Amino acid sequence: MESYTTPTRPRVYKQMSQEGYDHTAVEKRWQEAWDDASVYRTPDEVDDPTYVLGMYPYPSGKLHMGHVRNYTITDAYARYRRMCGDDVLHPMGWDAFGLPAENAAKERDTNPRDWTFDCIDTMRGQMKSMGFGYDWDREITTCTPEYYRWNQWLFRRFHEAGLIERRDAEVNWCPSCETVLADEQVEGDDELCWRCDTPVETRDLDQWFLSITEYADELIDAIDGLEGWPDSVRQMQRNWIGRQHGSEVEFAVEGHGSVTAFTTRIDTIHGATFFALAPDHPISEELAAENEDVRRFVEEEADPEGDEPNGVATGLTATNPATGEEIPVFVADFVLSDVGTGALMAVPGHDERDHAFAEKMGVEIKPVIAPEPDDWDGETVPDAPDVSEAAFTDDGVVIDSGEYSGLASETARERLTEDIESAEATTQYRLRDWGISRQRYWGTPIPVVHCDDCGSVLVPEADLPVELPEFINTTGNPLDAAEEWKQTTCPECGGPATRETDTMDTFVDSSWYFLRYVSPGLDDAPFDLDRANDWMPVDQYVGGIEHAVMHLLYSRFVTKVLADEEGLEHREPFTNLLAQGMVQLEGEKMSKSVGNTVSPQRIVEEYGADTARLFMMQAAQPERDFDWSEEGVRSTHRFLARLTDLVEEHKRQFMFWDKDDTDDRDAPDRDEIDDYVADEIDAAVAIAGGEYDDLTFNVALREAQDLVGTLRSYRGHAEPHPETYERGLDVAVRLLAPVVPHLAEELWATLDRDGFVVEADWPTATVDRETVERRRRLVENTREDVRDIVEVAGIEDPERIDVVVAPDWKFDALEIAIDSDADNLISELMGESHIRERGDDAASYGQDLQANREALQETLSGDEEYDALRAASWLIEREFDAPVRVERAADADDSVVRKAEPGRPAIDIVE
RNA sequence: GCGGGGGUGGCUGAGCCUGGCCAAAAGCGGCGGACUUAAGAUCCGCUCCUGUAGAGGUUCGAGGGUUCGAAUCCCUUCCCCCGCACCA
């Protein structure tokens, strides 16, 4: 059979433009068209849309590359889901309260409100120029009374639920920002303010707290169920909550009564040889007043930051409740008042820090736990380990502890906690209640008034919102200076009262904003409960890793409270979370202070939004860091220009082609190369869809870009079959549309398609991914084999290349071998008459199969292999400039056929 | 110290969960070729070693093990990054 065909259609030579396309005009045109058609509106009536959300930005002035990456990811995913037929909710808003607005207002002699709204206008404009498809009818701005009144409303509801406390607290105070910071906002060993890097001080102030600790157990336990979250974020939250199960136990300190200590290792209590108090423990302070040594230590020597454990003997003793022994009491700086109870039983034999301190102070070190012997019978008391040099800190078997000797640590803990009268099983958390008071102006006023008679009184719901007064430019808290605003009357007694001048931490705003998008204009509730129940949770949330603890933990907390108090039927706000990677420049994070930023605006002007988006999405997986590269941007831009040329050229060429003329479609000269391209189009669809589902845009886009490359080769090598070629262009445009929305619309229109590509159907494929991969591997392996032969055999100028597919009986034999579990494969094969009659060939192939029994792999069928190779033969022809003949075994010479196996055709090169 | 993630060819980096099609994707860099007056762009190849027919050899931080078979699974060890931490 003659399978080599000379290209009979004329090749198309045309000068392609190099300068690209007018991205500014294209992008503007489609942004306006989308706007006019409201294509990104999500009507209230839709049922459970796919909720795609990027973390809303703080309006600091201009969009930076991090924003662009964040929002391109959500936009691409939202567009993909939309093309798959989903209703999509993809809103945007502004985290508009916060200190920078106050600072900026002072610098520019304006006010935070005007400055903030200017920034919002700028950034909204930039988002529109990026082509992000948001439902702007759902836009929210947290600094408007329409939004923050619901913070106040929630404050009331939390109060009613008993989740609000006001108490005098030692707080982190930033002297530069003149405000309190949450623990989460104090960074690093140096304890610097997260905003301005000023060293943080402490102050005692009356503060409002949300009782997040009430939800500590659920917050930590439910992390296990957050399977759509990255492990890193889950682990950071677990660490932050820091739950520890242990026991509280009382030690009687001479002259000071019982002092409670917390320990996770009550099994070591018989080895407790001293007792230690934090320098700011009440007893330490009492002792300091009467004992000069203790005073000097507490006030002058204690260094909780240092690595060295320091301490001073108090001369007092404490009674070990397990042994009745009197042990010395120290004040030590390694004991921290905010950990456990600020007092601890020290067991130098089994705790490294206690060990170091005991050595330094000459305290007895006593082993009471031995490593569990390998063949331990569960009863015998092992020998004591040597703990003179180092503590043994693992669990093991209790020794030298009276009736508890011989118990495993775990059992001993239970028994001791039960038996010691003052001991009680307790759980400690690192998590503290969420202090939300900020001594700043630009935030939600805490809806409370202070009355001399009635104390702190909540502002009634009917009087909400408590609106911010005009901004006063002052060094302290502007609300303190707003005298007229501050003076009010008590809602309870009607007497004179003053307003609370603290405002809320802005993390309150962001802890529920994702619910507000559901019903942004609602004026009698923060969100429409029924719709929230339908629409929540957010299906895909995307943002920076810097919010791993604070924002994401607070949002989970608030969601759970709303579930308990307001009937929200969801206890977790975000099903899938993507922590996006950084955009870097030469391996460094882009930052204003380093001065290595790249302006998105400049990129959009120079190359267009589509180029910027495509470059970012194909550069790396979304969760990885990647380097911005101007070269990469240019090359992406050229790709889009080439695609444009391809589509436009096609349009010119086939302007008069009548698609309804079936003669053309069934043109008899449709040949293998057309099949190859048709297969590759299907292949691209099969792979790209799955990759979009997984948010691995880089892989999906590579597939789309490769397809465009294939189409270019197609057009260059042969005259394309019009319908196949056009379908290729059509599919390429649709595969790119989520990332390159403007140009995709333009090309969609050029291809005379109806409607918007945004609303077009995602293409479907007739092959599965596995077949695609097998087919590509077969073609690639075969091409490589031909290259190998040509090179190794030193063939200068091949005259013809024959590729012969293995005979059917070998495919059958392979099939049988894969399915068979018989010991003797040969005899099983020989049971098949059509195999047996192959004689020696069958025996020899059977032996090969037998030898590789375990390694046999499914291949394409013989027909599929033949079709795939025929379709790909043009690639080999092009490369070696020689005709290629793809044949079935029956049509080829026996000596050649013998070498063919399923998945590995015989190759014969004629010189 | 605890927890998490990593160490792959000149570089970046996929593969590892679900062992075999893996000398190992892709990109960059380098080399050769086509096109071009030239450059650029684009396109086609090559880029661990050996080899005159698709082969063989040695590789995936290091060492051991499991298996017919290991970059992939297990153990030990070294190094890097991130988070938490005198946390009782």
Side-chain angles (χ1 to χ4, degrees), chain A residues 16 18 189 230-240 242-244 246-249 261-266 268 272 276 278 303-310 332-336 338-347 350-354 356-357 393 428-430 545 548-549 587 618-621 624 626-627 629 631-632 634-635 638-639 641-642 696 698-699 702 705-706 709 712-713 716-717 773-774 776-778 780-795 851-859 875 878-881 899 903-909 911:
Chain A
M16 307 270 283
Q18 290 290 321
D189 291 340
D231 287 338
S232 57
V233 174
R234 298 207 282 175
Q235 194 55 38
M236 284 165 78
Q237 294 213 349
R238 286 193 194 99
N239 285 344
W240 188 262
R243 181 169 64 187
Q244 278 198 304
S247 305
E248 281 187 350
V249 58
F262 176 77
T263 179
T264 54
R265 291 299 305 273
I266 201 167
T268 64
D303 176 21
E305 314 293 306
D307 292 335
E308 187 70 3
N310 303 304
D333 62 3
F334 68 87
V335 185
L336 307 176
D338 59 349
V339 175
T341 60
L344 61 83
M345 66 170 218
V347 185
H350 303 288
D351 181 284
E352 282 172 19
R353 190 202 41 220
D354 295 349
F357 189 79
T393 58
Q428 289 276 327
Y429 303 89
R430 207 181 82 95
I545 188 79
V549 175
Q618 44 104 264
Q621 287 178 19
R624 305 190 85 95
F626 79 95
D627 257 19
S629 139
E631 184 50 45
R634 276 197 286 269
S635 127
R638 281 193 300 267
F639 165 78
R642 286 198 299 276
T696 39
N698 55 329
V699 181
R702 181 168 68 221
Q705 289 181 287
D706 285 351
R712 262 170 73 85
S713 304
H717 187 76
E773 281 165 4
R774 280 186 192 152
R776 286 182 172 174
R777 199 151 42 216
L778 169 73
E780 200 39 60
N781 288 346
T782 306
R783 293 177 69 191
E784 263 177 39
D785 283 344
V786 175
R787 279 175 214 136
D788 266 0
I789 295 167
V790 167
E791 195 196 317
V792 175
I795 298 169
N852 297 298
R853 255 335 247 295
E854 324 275 344
L856 299 176
Q857 303 279 324
E858 296 266 6
T859 62
L875 289 167
R878 184 182 63 177
E879 185 174 340
F880 297 95
D881 199 24
K899 284 188 276 187
R904 192 160 189 272
I907 296 164
D908 187 45
I909 300 174
E911 288 189 72

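All chains are named by letter (A, B, ...) in the order of the sequence lines, taking the proteins before the strands, and each is independently numbered beginning at 1. Just so it is clear, the values below take in all heavy atoms, side chains as well, and ignore hydrogens, waters and symmetry mates. Every value quoted in this text rests on a predicted model; they were computed, and no experiment measured them.
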Select base, sugar-phosphate, or nothing to describe what [X] touches, counting heavy atoms under 4.0 Å on all strands.
{"X": "A:Asp881", "value": "nothing"}
{"X": "A:Val335", "value": "base"}
{"X": "A:Arg238", "value": "nothing"}
{"X": "A:Arg776", "value": "nothing"}
{"X": "A:Leu336", "value": "base"}
{"X": "A:Gln428", "value": "nothing"}

Contact nearer the 5' end of RNA chain B, comparing A:Ser635 with A:Thr341: A:Ser635
Judged by each residue's nearest nucleotide on RNA chain B, which is more toward the 5′ side, A:Gly709 or A:Gln235? A:Gln235
Under a 3.5 Å cut-off for both distances, is [N] Watson-Crick or wobble paired, and to whom?
{"N": "B:rU18", "answer": "none"}
{"N": "B:rG1", "answer": "B:rC84"}
{"N": "B:rG51", "answer": "none"}
{"N": "B:rU42", "answer": "B:rA34"}

Taking atom [atom1] of [X] and atom [atom2] of [Y], what is their separation to the nearest 0.5 Å?
{"X": "A:Asn781", "Y": "A:Asp788", "atom1": "CG", "atom2": "CG", "result": "10.5 Å"}
{"X": "A:Arg638", "Y": "A:Arg642", "atom1": "CZ", "atom2": "CZ", "result": "7.0 Å"}
{"X": "A:Arg234", "Y": "A:Asn239", "atom1": "CZ", "atom2": "CG", "result": "13.5 Å"}
{"X": "A:Arg265", "Y": "A:Leu344", "atom1": "CZ", "atom2": "CG", "result": "14.0 Å"}
{"X": "A:Ile907", "Y": "A:Arg783", "atom1": "CD1", "atom2": "CZ", "result": "12.0 Å"}

Please name the pair of heavy atoms, one in A:Val790 and one in A:Phe880, separated by the smallest distance, quoted to 0.1 Å. CG2-CE2, 3.9 Å
Where is the tightest heavy-atom contact between A:Asp333 and A:Leu336, given as atom of each residue plus distance? O-CD2, 4.1 Å
Using a strict threshold of under 4.0 Å (side-chain N to carboxylate O), is an ion pair present between A:Glu858 and A:Arg774? no
Basic-acidic side-chain contact under 4.0 Å: A:Glu784, A:Arg904: no
Could you work out the separation of [N] and [M] based on their [atom1] atoms and round it to a whole Å?
{"N": "B:rG56", "M": "B:rG1", "atom1": "P", "result": "47 Å"}
{"N": "B:rG20", "M": "B:rG15", "atom1": "P", "result": "14 Å"}
{"N": "B:rU72", "M": "B:rC35", "atom1": "P", "result": "47 Å"}
{"N": "B:rA71", "M": "B:rA24", "atom1": "C1'", "result": "8 Å"}
{"N": "B:rA23", "M": "B:rC78", "atom1": "C1'", "result": "26 Å"}
{"N": "B:rC49", "M": "B:rG4", "atom1": "P", "result": "41 Å"}
{"N": "B:rG57", "M": "B:rC74", "atom1": "C1'", "result": "28 Å"}
{"N": "B:rG27", "M": "B:rC80", "atom1": "P", "result": "33 Å"}

Which whole-number value in Å describes the distance from [X] [atom1] to [N] [atom2]?
{"X": "A:Asn239", "N": "B:rG4", "atom1": "CG", "atom2": "C1'", "value": "9 Å"}
{"X": "A:Tyr429", "N": "B:rC87", "atom1": "OH", "atom2": "C1'", "value": "15 Å"}
{"X": "A:Asp231", "N": "B:rC81", "atom1": "CG", "atom2": "P", "value": "21 Å"}
{"X": "A:Arg783", "N": "B:rC44", "atom1": "CZ", "atom2": "P", "value": "9 Å"}
{"X": "A:Met236", "N": "B:rA85", "atom1": "CE", "atom2": "C1'", "value": "14 Å"}
{"X": "A:Glu308", "N": "B:rC86", "atom1": "CD", "atom2": "P", "value": "16 Å"}
{"X": "A:Trp240", "N": "B:rC82", "atom1": "CH2", "atom2": "C1'", "value": "16 Å"}
{"X": "A:Glu773", "N": "B:rG20", "atom1": "CD", "atom2": "P", "value": "13 Å"}

By nearest atom, which of the nucleotides [options] is closest to the [X] side chain?
{"X": "A:Ala855", "options": "B:rG20, B:rU42, B:rG45", "value": "B:rG20"}
{"X": "A:Arg638", "options": "B:rU42, B:rC86, B:rC44", "value": "B:rU42"}
{"X": "A:Arg878", "options": "B:rG4, B:rC44, B:rU42", "value": "B:rC44"}
{"X": "A:Gln857", "options": "B:rC21, B:rG45, B:rU42", "value": "B:rC21"}
{"X": "A:Ser713", "options": "B:rC84, B:rC44, B:rC86", "value": "B:rC44"}

Base contacts versus sugar-phosphate-only contacts with protein, heavy atoms under 4.0 Å: please encode nucleotides 8-18 of chain B as B, S and - from 5' to 3'. -----SS----
Footprint string (nucleotides 50-57 of chain B, 5' to 3'): B base within contact, S backbone only, - free, heavy atoms under 4.0 Å: -BSBBS--
Not counting sequence neighbours, which residues clear salt bridge (Lys or Arg N to Asp or Glu O under 4.0 Å) with [X]? List them please.
{"X": "A:Glu773", "answer": "A:Arg769"}
{"X": "A:Glu308", "answer": "A:Lys360"}
{"X": "A:Asp881", "answer": "none"}

How far apart are the C-alpha atoms of A:Gln235 and A:Arg238, what are their side-chain angles, what is the distance that settles it, and do they pass the side-chain hydrogen bond (donor to acceptor under 3.5 Å, both in side chains) test? CA-CA 5 Å; A:Gln235 194 55 38; A:Arg238 286 193 194 99; 3.0 Å; yes
Are there any protein N/O atoms within less than 3.5 Å of an N/O atom in nucleotides 25-36 of chain B, and if so, which ones and at what distance?
none

A:Arg787 side chain near B:rC46 phosphate (N/O to OP1/OP2, under 4.0 Å): yes
Any side-chain heavy atom of A:Asp908 within less than 4.5 Å of one from A:Lys899? no
Ignoring hydrogens and geometry beyond distance, is the side chain of A:Glu854 in donor-acceptor contact with the base of B:rC68 at under 3.5 Å? yes
Between the base of B:rC21 and the side chain of A:Arg777, is there any donor-acceptor pair under 3.5 Å? yes
